[in-house]
Amino acid sequence: MSLATTYNPLDVEAKWYQRWQEMGFFKASPNPEKQPYTIVIPPPNVTGVLHMGHMLNNTIQDVLVRRARMQGREACWVPGTDHASIATETKVVALLKEQGIEKKDLTREQFLAHAFAWKEKYGGIILEQLKQLGASCDWDRTRFTMEPDLTDAVLRAFVSLHDKGLIYRGVRMVNWDPQGGTALSDEEVIAKNVTGRMFHLRYAFASNFTQNEVPVDSATGQPLAVNGNAWLTVATSRPETIMADVAVAVNPNDPRYQHLIGQKVRIPLIGREIPVIADERVAVDFGTGTLKVTPAHDLVDYEIGQANNLPVIDVLNNDGTLNEHAGPRYAGMDRFAVRRLIVKDLEEAGWLEKTEEYATISQTSERTGAVIEPKLSLQWFLKTEQLAKPALEVVENGTVQLHPAKFKNLYRVWMENPRDWCISRQLWWGQQIPAYYLPDGSFVVARTAAEALVQARAQSGNDALQASDLRQDEDVLDTWFSSWLWPISVFDGFKDPENSDIKYFYPTNDLVTGPDILFFWIARMIMAGLEFRGEVPFKNVYLTGIVRDAQGRKMSKQLGNSPDPLELIAQYGADGVRTGMLFSAPAGNDLLFDLKLVEQGRNFSNKIWNAFRLVKGWEADAALPYSNELAVNWFEARLAVAATEMNEHFDKFRISDALLTVYKLVWDDFCALYLEMVKPAYQQPIDAETLRQTVGFFETLLQLLHPFMPFITEELWHELAPRTGRDFVCVAAWPQLVPAPDAAARQTRMEWALGVVAGVRTIRNQKQLAPTKALELLVKTTQPDLLQAYGPLLRKLANLTAISVAETAPAAAVSFVHAGAEYFVPLEGQIDTAAERARLEKELDYTRGFQESVGRKLANEKFTANAKPDVLERERQKLADAEAKIAALEAALRAL
RNA sequence: GGGAUGUUAGCUCAGUUGGUUCAGAGCACCACCCUGACACGGUGGGGGUCACUGGUUCGAGCCCAGUACGUCUCACCA
């Protein structure tokens, strides 16, 4: 045979991907004749390269899209990339630095020119990589969140929300990333459990001491108290912020401190007087029960400060160093260096009572990893409450379904208590906020500078205002402020709300992404969809797990435990990798990536390839009668049942179950059983009808397999028969198979026959007989017709010379009991009577025990009174079967 | 600290409204087999008191309560 014994994916994959594109199979356009099926890709970072998470995610999307396409729907998978403002800006800044260029030396325009040049050159590599995976995206629709049309969508959305009063500008406590030099949303901050140090500082009472020093008993050297109170001990984890203190707060209900409220204390080292105030927000049981209030650097402190009309002193610069308010000794130093220094200073001056370790959480930037500073800052915010309400409702009422449904709870928790979204970022790479400031400091919001000027003139009453008098806000918008519009903006739904694409493809059908961006992205897309289109953006959200290594560790560059996806594809083929990933990827569960599974996927490709080689080698002989009706009828039924099962799995988004169903159908039923049943002897021809049926089955299997394994199925589709025009499995009709009314009966009969085969094979194995050694079978049965009908099939599968009905048990034979009949394989000289007896007795014992337990159940009046009729019937059948088996076993024992 | 969720074979997981013949799959494992499609293979086999304790029921892997351990997630305790 000329075909290689092992399948080589490299030979075929690139070829077919190119052919599909040439044929335009992935292109989608509104077609009223067809039902649309739409997926928008979760746009990967434009700077990104393909990792295992993308592989899983995009494999699932491709499976869904390919199946929908075969189902005759207008399948549209929109690809694209995200400008990822912080990530990309960080990368570009670093690259420029390597070239000796500092960002601070560049103008905004120069920097953006560099960034765009870089994006043009290296951006979007990831999309090319997706093609190797087989992703059937409509590449003509590729979008980028910072391209002009999508930027326009962002600006329109901003203006609209601002005009509705949902976007506002104000000073609020925000999460400040000193390394990135920008504000972050709450979602971009990660809380980490760490061991922190708590410093207990002494704040001396101003009334007791006129000088800023600790009075000490000259004899003992111990600090001296006056009137029982020399100082208040205040615990803090951030001693570097004492210069920003404006009060010490205690709980008004705390008996320890009630009498001290209204007193004044001095900040250690610097001696500034601050009041002791009362506030319910102070926890009595934490630390010392006293709280130093630094409104500029803590949210609670800020609230306390507001409530008590306290001033705000900000001692931090945007880059994390301390400013002039910290005093000359500390100004200009990094916050952590100051912490070390000031602790030493406090200790030397006697203001540090003690230091203790405690478990706390550290808020860090998702992107830079820097410790976040709560910082009062002038930023832009989006009010989310009004948007969140309907977005929660559509998930609650099932208009949008999350798979698995357990994520509904998580979604609810967040959406019931939404906080305003800080949308401004102090970066350059992104959409610049369309707010324009007038010379008097007021501002207008407009999509273009020209519109802004018109508004500004109206607002100020000054018609002489010129464009050059207006200054646009320097900040850009959060990346997610563009991605949340993605399902709408990719179809130009902002620029042209009534265009045919958006009307046809929106709302999209399924979204496939990770639960880590449930709030970042999914929730916000739902809000945007409802706000701007009045319709949800998608109906189903399939949440994938995280790809971990076999030990359950997250894949990371540092650990080096992530395989290179492209190398995997080169080694195992895209089909093998796709199936390997899907084998263990139930929705919402983390996937423990194991190379073994990819091997299994590759082996599956090889199995299919070899089944093809077998069938391809058959020669039909028109003179031969059709001799495989039983096998064909059985497999036809089996195929319909399995296809139905697959569809059910798909409907429930149980993709790996759907794959496993077709895997077993192909490997176990088609290859191991069906092909073995119909396979002619070596170099013998096959009858034409069997060949025709078999090729038909093969084609159906290729169709069912295609969404999972697009390449090998396309290759074999074309090998199996001459194809012309658009006859590709890629666009073949998804099989509509309905199990025949007698499908169950066909399967039951075949299972009976396979039970006989298994009985003979077991004897063969027990007696260590070579599979090539043909055996004889004698049967004591009440159904000789059935035996007669399946005779040829049994002879072939069990390698039997003859099957005959026996009235009595033959001497020197090994026996087994199956479905109430006794089977004997004569094995002269190889019979161990004692062992045979033991084996039969063991089985008899078990069956009697079983019979007894079923009998007890049926004798129980409560059971017979309460059980449903079908359950009762089944139990009676079980009893009857057991009794028949016992009779047969007893007979076999007697015969020994 | 709150909430959610999980604990079923060596590993990764199914197990639908409680009811078929000792609880299933894949991988791994053991034995035999290079049988003229495939050793990336074939045939057969071993392996689980369904985390623990108690309850409801004629009947519980499935329902209820508690315990232990794990995971995820939220959270302004300085």
Colleague: Which of parallel (below 30°), tilted (30 to 60°) and perpendicular (above 60°) describes A:Phe670 and A:Phe698?
Modeller: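 Judged by the thresholds at 30° and 60°, the geometry between A:Phe670 and A:Phe698 is perpendicular.
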Colleague: For A:Val854, report the nucleic acid contact type (base, sugar-phosphate, nothing); a contact means any heavy atom under 4.0 Å.
Modeller: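 Counting heavy atoms under 4.0 Å across all strands, no contact is made by A:Val854.
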Colleague: Just to be sure I understand the rule, does A:Ala867 reach a base, reach only the sugar-phosphate, or reach nothing, if contact means heavy atoms closer than 4.0 Å?
Modeller: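 Here A:Ala867 touches the bases of the nucleic acid.
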Colleague: Rounded to the nearest angstrom, tell me the gap between atom CD1 in A:Ile517 and atom P in B:rU73.
Modeller: 13 Å
Colleague: Has the side chain of A:Gln600 got a donor or acceptor that lies under 3.5 Å from a partner of the other kind on the base of B:rA28?
Modeller: no
Colleague: Considering every strand and a 4.0 Å limit on heavy-atom distances, what is the contact class for A:Glu676: base, sugar-phosphate, or nothing?
Modeller: base
Colleague: Using a 4.0 Å heavy-atom cut-off across all strands, classify A:Arg238 as base, sugar-phosphate, or nothing.
Modeller: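 Contact class for A:Arg238: none.
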Colleague: Closest nucleotide of RNA chain B for A:Arg419 versus for A:Lys857: which of these residues is on the 5' side?
Modeller: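 Per heavy-atom nearest nucleotide, the more 5' residue is A:Lys857.
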Colleague: Looking at every strand, decide which applies to A:Leu291 at a 4.0 Å heavy-atom threshold: base, sugar-phosphate, or nothing.
Modeller: base
Colleague: When you measure only distances, ignoring hydrogens and angles, does the side chain of A:Lys596 come within 3.5 Å of the base of B:rC27 through a donor and an acceptor?
Modeller: no
Colleague: Is A:Arg602 touching bases, backbone alone, or none of the nucleic acid, heavy atoms closer than 4.0 Å?
Modeller: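 A:Arg602: base contact, heavy atoms under 4.0 Å.
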Colleague: Any Lys/Arg nitrogen of A:Glu240 or A:Arg335 sitting under 4.0 Å from an Asp/Glu carboxylate oxygen of the other?
Modeller: no
Colleague: What nucleic acid atoms does A:Asp298 come within less than 4.0 Å of, heavy atoms only: base, sugar-phosphate, or nothing?
Modeller: nothing
Colleague: Give one of base, sugar-phosphate or nothing for A:Tyr7, where a contact means two heavy atoms less than 4.0 Å apart.
Modeller: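 No contact.
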Colleague: Please state whether the phosphate of B:rA78, meaning OP1 or OP2, lies under 4.0 angstrom from any side-chain nitrogen or oxygen of A:Thr290.
Modeller: no
Colleague: Return the nucleotide paired to B:rA31: Watson-Crick means purine N1 to pyrimidine N3 with N6-O4 or O6-N4, wobble means G-U with N1-O2 and O6-N3, both under 3.5 Å.
Modeller: B:rU43
Colleague: Is there a donor-acceptor contact under 3.5 Å linking the side chains of A:Glu356 and A:His200?
Modeller: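 A:Glu356 vs A:His200: donor-acceptor pair found between side chains.
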Colleague: Touch check for A:Trp618, heavy atoms < 4.0 angstrom, all strands: base, sugar-phosphate only, or nothing?
Modeller: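 It contacts nothing in the nucleic acid.
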Colleague: Looking for any heavy atom pair under 4.0 Å, which part of the strands does A:Ala672 touch: base, sugar-phosphate only, or nothing?
Modeller: sugar-phosphate
Colleague: I'd like to check A:Leu858 versus A:Leu872 (side-chain heavy atoms, cut-off strictly below 4.5 Å). Are they in contact?
Modeller: yes
Colleague: I need the CD-C1' distance between A:Glu873 and B:rG19, as an integer number of Å.
Modeller: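 For the pair A:Glu873 CD and B:rG19 C1', the rounded distance is 14 Å.
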Colleague: Given B:rG26, is OP1 or OP2 found less than 4.0 Å from the side-chain N or O atoms of A:Lys664?
Modeller: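 No, outside the criterion.
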Colleague: Is the closest side-chain donor-acceptor distance between A:Asn175 and A:Asp186 under 3.5 Å?
Modeller: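 Yes, a side-chain donor-acceptor pair sits under 3.5 Å.
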Colleague: Identify which nucleotide among B:rC38, B:rU5, B:rU20 has an atom closest to any side-chain atom of A:Asn610, counting heavy atoms from C-beta outward.
Modeller: B:rC38
Colleague: Would you mind classifying the nucleic acid contact of A:Thr6 as base, sugar-phosphate or nothing, using non-hydrogen atoms under 4.0 angstrom?
Modeller: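 A:Thr6: base contact, heavy atoms under 4.0 Å.
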Colleague: For B:rG42, take OP1 and OP2 only and decide whether either is under 4.0 Å from a side-chain N or O of A:Lys607.
Modeller: yes
Colleague: If I take atom CD in residue A:Glu303 and atom C1' in nucleotide B:rC76, what distance separates them, rounded to the nearest angstrom?
Modeller: 8 Å
Colleague: Please confirm whether the ring centroid of A:Phe583 lies under 6.0 Å from the ring centroid of A:Tyr663.
Modeller: yes
Colleague: Identify whether any heavy atom of A:Phe593 sits under 4.0 Å from a base atom; if not, whether one sits that close to sugar-phosphate; answer base, sugar-phosphate or nothing.
Modeller: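 Nothing: the residue A:Phe593, judged by heavy atoms under 4.0 Å, touches no strand.
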